[in-house]
Amino acid sequence: QVQLVESGGGLAQAGGSLRLSCAASGLTFSSYSMGWFRQAPGKERELIAAISRSGGTTYYADSVKGRFTISRDNAKKMVYLQMNILKPEDTAVYYCAAAQNFLVVLKITSYDYWGQGTQVTVSS
């Protein structure tokens, strides 16, 4: 049984930082590209960062570029999202997800497995 479990969410002040973690089990982690998505109330779920199987290639949405960093540790089966210079508009539920092909990580339908999400709230 595949499980992706996010942690590290919470309340932060604008300008602050949070680090999200996603622990994977039940899959060959190094065979999957990983993505971080977020969904704010009333909005569609959006991809904000993705990382290839080896970690050598990354993607960032313009809204987080320069502020967020995605990384992974294949030995630990973990993927991380370091979020700096947080803004109130970063408030959302954050999800990690696994896809088999980095070439299609921009398509939400490419992701095979999803975590349950972790809430991030940024106060002004």
Side-chain angles (χ1 to χ4, degrees):
Q1 182 183 358
V2 175
Q3 280 193 309
L4 299 176
V5 180
E6 302 95 337
S7 61
L11 179 64
Q13 290 189 331
S17 298
L18 284 174
R19 188 193 195 206
L20 304 184
S21 299
C22 173
S25 61
L27 77 169
T28 305
F29 183 70
S30 59
S31 295
Y32 286 83
S33 297
M34 300 297 295
W36 281 101
F37 288 76
R38 68 185 182 189
Q39 187 168 20
K43 294 189 176 181
E44 292 187 353
R45 192 171 298 189
E46 62 170 342
L47 175 69
I48 55 171
I51 189 166
S52 62
R53 299 169 187 173
S54 67
T57 304
T58 56
Y59 162 85
Y60 295 96
D62 287 344
S63 58
V64 304
K65 199 173 293 182
R67 299 189 298 122
F68 291 9
T69 302
I70 188 171
S71 61
R72 66 188 296 162
D73 185 331
N74 284 346
K76 295 182 178 179
K77 297 185 178 182
M78 298 288 294
V79 61
Y80 307 98
L81 186 68
Q82 178 66 43
M83 306 187 295
N84 298 328
I85 318 175
L86 284 163
K87 303 176 181 180
E89 51 263 44
D90 294 320
T91 295
V93 178
Y94 284 70
Y95 302 87
C96 68
Q100 292 193 36
N101 190 344
F102 187 77
L103 294 177
V104 292
V105 292
L106 295 181
K107 294 178 61 177
I108 193 170
T109 53
S110 298
Y111 289 83
D112 300 310
Y113 304 107
W114 292 84
Q116 83 289 347
T118 186
Q119 176 71 46
V120 171
T121 303
V122 183
S123 62
S124 58

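Nothing here was measured: the structure is a model prediction, and the numbers come from that model.
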Looking at [atom1] of [X] and [atom2] of [Y], how far apart are the two atoms once the value is rounded to the nearest 0.5 Å?
X     : Y     : atom1 : atom2 : answer
Ile48 : Leu81 : CD1   : CG    : 5.0 Å
Gln3  : Gln1  : CD    : CD    : 5.0 Å
Gln82 : Phe68 : CD    : CZ    : 9.5 Å

**Study point:** Pairs satisfying side-chain hydrogen bond (donor to acceptor under 3.5 Å, both in side chains), at least one member in residues 65-78, at least two apart
**Key:**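 Those involving residues 65-78 are Asp62-Lys65, Arg67-Asp90, Arg72-Asn74.
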Is it true that [X] and [Y] fall in one hydrophobic cluster, defined by side-chain heavy atoms closer than 4.5 Å?
X      : Y      : result
Ile108 : Tyr60  : no
Val2   : Met34  : yes
Leu4   : Val105 : no
Val79  : Val5   : no

Side-chain contact, heavy-atom cut-off 4.5 Å: [X] with [Y]?
X      : Y      : value
Arg53  : Ser30  : no
Glu6   : Gln116 : yes
Thr118 : Val93  : no
Met83  : Val120 : yes
Ser63  : Lys87  : no
Thr57  : Ile51  : no

Review point. Between Ser33 and Ser52, which heavy-atom pair has the shortest distance, and what is it?
Key: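 Between these two residues, the closest heavy atoms are OG-CA, 3.7 Å.
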Exercise for review: Provide the full list of ring-ring contact (aromatic ring centres under 6.0 Å, His included) pairs with a residue in residues 90-111, sequence neighbours left out, each pair given once.
Suggested key: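 Qualifying pairs: Phe37-Tyr111, Tyr111-Trp114.
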Exercise for review: Not counting sequence neighbours, which residues clear side-chain hydrogen bond (donor to acceptor under 3.5 Å, both in side chains) with Thr121? List them please.
Suggested key: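 Result, side-chain hydrogen bond (donor to acceptor under 3.5 Å, both in side chains) vs Thr121: Gln119.
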Exercise for review: Can you spot which of Leu47, Leu103, Val104, Asn101 makes a side chain to side chain contact (heavy atoms under 4.5 Å, CB included) with Ser110?
Suggested key: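 In the set Leu47, Leu103, Val104, Asn101, the residue that makes a side chain to side chain contact (heavy atoms under 4.5 Å, CB included) with Ser110 is Val104.
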Practice item. List, by chain and number, the other hydrophobic cluster members for Tyr80, where Ile, Leu, Val, Met, Phe, Trp and Tyr join if side-chain heavy atoms come within less than 4.5 Å, directly or indirectly. Key: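 Same cluster as Tyr80: Met78.
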Point to revise | Fellow cluster residues of Leu11, listed by chain then number, with links counted only when side-chain atoms sit under 4.5 Å apart | key: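 Members other than Leu11 - counting any ILVMFWY side chain reachable under 4.5 Å - there are none.
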Tabulate below the donor-acceptor pairs under 3.5 Å that side-chain atoms of residues 13-27 make, not counting sequence neighbours, or state none.
unit_1 : atom_1 : unit_2 : atom_2 : d
Ser17  : OG     : Asn84  : OD1    : 2.9

Exercise for review: Kindly indicate, with the supporting measurements, whether the criterion side-chain contact (heavy atoms from CB on, under 4.5 Å) is fulfilled by Arg38 and Arg45.
Suggested key: CA-CA 6 Å; Arg38 68 185 182 189; Arg45 192 171 298 189; over 6 Å; no
